[in-house]
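I have placed the structure first, in the form of structure tokens, so that the comments after it can refer back to it.
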Amino acid sequence: MAYWLFKSEPDAWSWEQQKAKGEAGEEWDGIRNYQARNNMRTMKLGEKGFFYHSNEGKAVVGIVEVCKEIHPDSTTEDERWECVDVKAVCDMPKPVTLPDAKANPALANMVLVVNTRLSVQPVAEDEYLEICRMGGLDNPPR
DNA sequence: GCCAACGTTGGC
DNA sequence: GCCAACGTTGGC
């Protein structure tokens with residue numbers, strides 16, 4: 001079971017909007033970066049990931065689950081671009097900010113800290129659990 | 001709003 | 001296949 005992190009500017013697509021979609025979930029469309037797309041290609045149904053607000057907030061605000069595996073991105077005719085669907089699972093009781101993550105030595109190698117520009121990224125299991133711990137999530141969904 | 005870091009494009 | 005020019009992301 002792998003873990004992921006999805007980045008979104010709240011102006012474009014916020015955690016509130018994601019939660020409003022409920023169980024149906026929503027396409028994680030608009031990704032135009034090969035690395036990010038390749039990460040989505042390896043995602044399996046049911047895998048968990050963080051929902052991260054970039055720009056405003058700069059924090060992990062919730063947890064999502066992959067509810068549809070890789071398929072064409074409906075927002076473009078360009079068949080190079082594919083995406084998955086995700087649905088909201090739960091809030092992060094206490095959002096974990098980027099400065100929080102940077103200040104934690106256990107997260108020094110986290111992609112979020114090391115490569116700030118990658119919008120869909122893998123998260124190691126120990127990093128996943130550490131962020132959940134910092135966020136006050138006692139029983140992280142696995 | 002600025003700018004560093006990074007990715008992509010296109011000329012050669 | 002290299003690399004300069006350009007565009008975009010995202011932290012500050």
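Residue numbers begin at 1 in each chain, while the letters A, B, ... track the order of the sequences.
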Inset, instruction - Consider only side-chain N and O atoms of A:Thr76 and A:Asp78, and report whether a donor and an acceptor are under 3.5 Å apart. - result: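 No - no donor-acceptor pair under 3.5 Å links their side chains.
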Inset, instruction - Assess the pair A:Tyr3 and A:Phe50: is the distance between their ring centroids shorter than 6.0 Å? - result: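 Not under 6.0 Å, so no.
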Legend entry - Within the 6.0 Å centroid threshold, strictly below: A:Trp15 and A:Tyr52: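 Distance test on ring centres: not under 6.0 Å, no.
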Legend entry - Sidechain-backbone polar pair: A:Asp91 side chain, A:Pro93 backbone, donor-acceptor under 3.5 Å: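 The answer is no, because no donor-acceptor pair under 3.5 Å joins these two groups.
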Legend entry - A:Arg142 and A:Glu125 ion-paired at < 4.0 Å: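 Yes.
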Legend entry - Sequence-aligned protein contact record of nucleotides 3-9 of chain B, with B where the base is within under 4.0 Å of a protein heavy atom and S where only the sugar-phosphate is: --BBSS-
Inset, instruction - To the nearest Å, give me how far apart CG (A:Asn55) and C1' (C:dG11) are. - result: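 Going from CG in A:Asn55 over to C1' in C:dG11 covers 8 Å.
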Inset, instruction - Could you tell me the separation between the CD atom of A:Glu56 and the P atom of C:dG10, rounded to a whole number of Å? - result: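 A:Glu56 atom CD is separated from C:dG10 atom P by 14 Å.
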